[in-house]
2 protein chains.
Amino acid sequence: MDGMARPRRLEPEARREQIIEAAIGTFAEVGFGATTRDLAQRAGITQALLYRYFASKSDLAETVFERVFLGRLSPHWIAELRDRRVPLHGRLCRFYRQYTAAIFTYEWLRIFMWAGLAGEALNRRYLGHVEDRLLAPMRDEIAAEPGIAAPDMEAMWALHGGIVYIGIRRHIYGLETPAEPGPAIEATVARFLAGLAAPLSGAAAPPSRAARPAAGRSARASSRR
Amino acid sequence: MDGMARPRRLEPEARREQIIEAAIGTFAEVGFGATTRDLAQRAGITQALLYRYFASKSDLAETVFERVFLGRLSPHWIAELRDRRVPLHGRLCRFYRQYTAAIFTYEWLRIFMWAGLAGEALNRRYLGHVEDRLLAPMRDEIAAEPGIAAPDMEAMWALHGGIVYIGIRRHIYGLETPAEPGPAIEATVARFLAGLAAPLSGAAAPPSRAARPAAGRSARASSRR
DNA sequence: TGATTTGCTGATCAGATGATCAACAAGGAA
DNA sequence: TTCCTTGTTGATCATCTGATCAGCAAATCA
């Protein structure tokens with residue numbers, strides 16, 4: 001079938017790239033427990049050659065890590081988020097369409113999740129950025145909108161989680177999801193804003209009698225486990 | 001410190017339980033790649049003894065899997081969800097408070113996520129149940145509420161994801177979250193219902209001009225990748 | 001054409017890992 | 001106490017895994 005056998009010798013640059021690409025796919029699929037022989041096979045080289053390009057398996061993993069996560073978030077998005085000439089709803093939708101276009105890939109989501117479970121520091125650092133550089137500006141923009149209750153950070157995380165969960169369902173759990181997240185994003189953003197605009201109206205009544213039995217202290221403080 | 005050395009010989013039942021408990025903690029922490037020696041050490045026994053109680057490591061993993069996931073969802077919750085004598089908001093909050101009390105544990109969330117990445121079938125099956133037995137009834141209850149737009153399944157998943165993401169942030173990513181999810185749940189449910197009640201009000205305007213450039217066909221159909 | 005550089009491979013090693021088994025010893029039965 | 005059942009262990013095995021290295025061969029140069 002594939003008539004021309006690929007060249008046996010490659011430029012170091014190209015070979016290195018080839019290994020990284022293969023590693024991204026492999027790590028995404030089976031996690032960082034992938035064997036060096038798996039990695040080599042997927043790259044179409046011998047296992048020994050890996051060590052000509054990377055000092056160790058974790059060195060390769062580190063490289064993959066940076067390749068996948070660094071530079072995916074465009075600072076331009078945040079600038080656009082602050083452009084108040086555009087209606088708020090439109091800005092939020094545009095941002096989340098761009099954001100999900102960047103991270104809703106099999107590789108990104110899975111490697112991010114594997115890394116999260118492994119306790120990688122880069123992971124927490126990334127989410128710190130999400131809170132500080134994305135959610136906080138979004139919250140500020142929403143708070144600046146007249147006739148809307150300013151959301152707290154938990155509310156922003158709920159919006160974020162509701163959208164990101166689409167990608168998790170698809171790429172982590174392997175479930176069916178809409179082919180395009182766009183409509184779901186628009187609906188979710190619209191509900192979110194409308195929900196903030198009408199804080200205690202109609203059916204969204206205060207908690208019922210049966211609603212708050214357990215929960216000792218109300219606990220706004222943060223703590224883990 | 002621990003003055004009394006524990007008995008060397010245990011009833012098979014008790015020993016088996018001890019191994020399972022240790023395995024739950026170990027698998028949650030490091031995943032199913034945990035070594036049998038790790039598992040044995042955490043259980044306080046020799047590695048060889050594991051094979052007296054479980055045919056293989058994957059046999060033990062299977063047992064852990066069932067132990068953690070089976071019987072966590074109470075059918076009673078769904079019955080309560082349908083009790084229309086209670087206001088809708090209260091029902092939804094009560095349900096999610098019960099649900100999160102059951103699954104927002106280090107062990108449950110992490111093992112579920114490890115299993116999801118590993119492509120376990122039980123995982124998808126569980127989420128199928130979530131959609132059919134939890135989200136669908138919730139949607140029906142909301143649809144039955146007067147003055148509220150009936151949400152589609154994607155909307156229900158967005159609500160669900162927004163809430164579940166709290167647990168993911170805490171136990172998978174190791175981030176700070178409110179000690180109690182209760183208040184966040186109430187706020188999220190309230191926003192969700194209010195957002196459905198006021199479909200196109202105020203700031204939640206239709207998508208702006210800059211909002212729908214890409215996205216060829218609108219795509220309600222489902223497909224993966 | 002012959003010499004030199006260097007990308008690449010096969011062989012190999014030490015340690016880790018899942019699994020097995022003969023033998024030991026704790027606790028009850030006779 | 002003695003015997004017997006059985007929960008438990010240390011030793012061991014075959015295989016896997018990350019890593020190393022001498023040597024081959026493709027491209028380049030003289």
Side-chain angles (χ1 to χ4, degrees), chain A residues 2-65 111 114-115 117-118 120, chain B residues 2-65 111 114-115 117-118 120:
Chain A
D2 183 353
M4 72 190 299
R6 78 191 137 196
R8 296 186 168 277
R9 287 166 68 102
L10 273 189
E11 299 274 321
E13 194 88 4
R15 185 65 86 189
R16 187 182 160 88
E17 211 55 32
Q18 189 186 43
I19 294 172
I20 294 174
E21 282 306 311
I24 288 175
T26 306
F27 283 140
E29 202 172 314
V30 303
F32 297 104
T35 68
T36 53
R37 284 165 180 82
D38 285 342
L39 294 165
Q41 185 175 24
R42 182 135 172 180
I45 60 172
T46 54
Q47 182 245 2
L49 191 56
L50 284 179
Y51 292 86
R52 184 85 174 188
Y53 293 90
F54 299 92
S56 65
K57 179 178 149 183
S58 66
D59 179 30
L60 171 55
E62 202 66 36
T63 304
V64 162
F65 225 69
I111 290 181
W114 285 117
L117 283 166
E120 289 286 342
Chain B
D2 185 351
M4 72 190 299
R6 75 194 138 199
R8 296 186 167 277
R9 286 166 70 101
L10 274 188
E11 299 275 320
E13 194 89 3
R15 183 66 85 190
R16 187 181 160 89
E17 211 56 32
Q18 189 185 43
I19 294 172
I20 293 173
E21 282 305 311
I24 288 175
T26 306
F27 283 140
E29 203 172 314
V30 302
F32 297 104
T35 69
T36 53
R37 284 165 180 82
D38 285 342
L39 294 165
Q41 185 174 23
R42 181 135 173 181
I45 60 172
T46 55
Q47 182 244 3
L49 192 57
L50 285 179
Y51 292 87
R52 184 84 174 189
Y53 293 89
F54 299 92
S56 65
K57 178 178 149 182
S58 65
D59 179 30
L60 171 55
E62 202 65 38
T63 305
V64 162
F65 225 69
I111 290 181
W114 285 117
L117 284 166
E120 289 286 342

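In the text below, chain A, chain B and the rest are named by the order of the sequence lines, each starting its count at 1.
Distance CG (A/L49) to P (D/dC21): 16 Å, rounded to an integer number of Å. For B/L50 and D/dG10, the CG to C1' distance is 15 Å, given to the nearest whole Å. Distance B/D38 CG to C/dA16 C1': 11 Å, rounded to the nearest Å. Distance, B/R16 CZ to D/dT8 P: 14 Å, rounded to whole Å. In this structure, B/L10 places its CG atom 15 Å from C1' of C/dA25, rounding to the nearest Å. Straight-line distance from the NZ atom of B/K57 to the C1' atom of C/dT17: 8 Å, rounded to whole Å. We find that CG of A/D59 is positioned 10 Å from P of D/dA19, with the value rounded to whole Å. Between B/R15 atom CZ and C/dA26 atom P there is a gap of 14 Å when expressed in whole angstrom units.
With DNA chain D read from its 5' end, the first of the two nearest nucleotides for B/A48 and B/P12 is the one closest to B/P12. Nearer the 5' end of DNA chain D, as judged by each residue's closest nucleotide, is the contact made by A/F32, out of A/F32 and A/R52.
Closest contact between the side chain of B/R9 and the listed nucleotides C/dG18, C/dA26, D/dG18 involves C/dA26. Checking C/dT6, C/dG18, C/dT9 against the side-chain heavy atoms of A/I45 singles out C/dT9 as nearest. Taking the side chain of A/T35 as heavy atoms from C-beta on, and the options C/dT9, D/dG18, D/dA19, the nearest nucleotide is D/dG18. Closest contact between the side chain of A/Y53 and the listed nucleotides C/dG7, C/dA19, D/dT8 involves C/dG7.
Contact annotation: A/Y51 reaches the phosphate of D/dA19 (side-chain N/O to OP1 or OP2, under 4.0 Å). A/T36 has a side-chain polar atom (N or O) that falls below the 4.0 Å cut-off from OP1 or OP2 of D/dG18.
Here the CG-CG distance, from B/L49 to B/L39, works out to 12.5 Å after rounding to the nearest 0.5 Å. Between atom CD1 of residue A/I45 and atom CD1 of residue A/I19 there is a gap of 4.0 Å, rounded to the nearest 0.5 Å. For the atom pair OG1 (B/T36) and CZ (B/F54), the distance works out to 13.0 Å, reported to the nearest 0.5 Å. Here A/R37 contributes atom CZ and A/T46 contributes atom OG1; the two are 10.5 Å apart, rounded to the nearest 0.5 Å.
Using a 4.0 Å heavy-atom distance criterion, A/A34 is classed as a sugar-phosphate-only contact. Here B/E11 lies out of heavy-atom contact (under 4.0 Å) with every strand.
For the pair A/A61 and A/F27, the tightest heavy-atom approach, listed with the atom from each and the gap, is CA-CE1, 3.8 Å.
Under 3.5 Å, the side chain of B/R37 and the base of C/dG18 form at least one donor-acceptor pair of N or O atoms.
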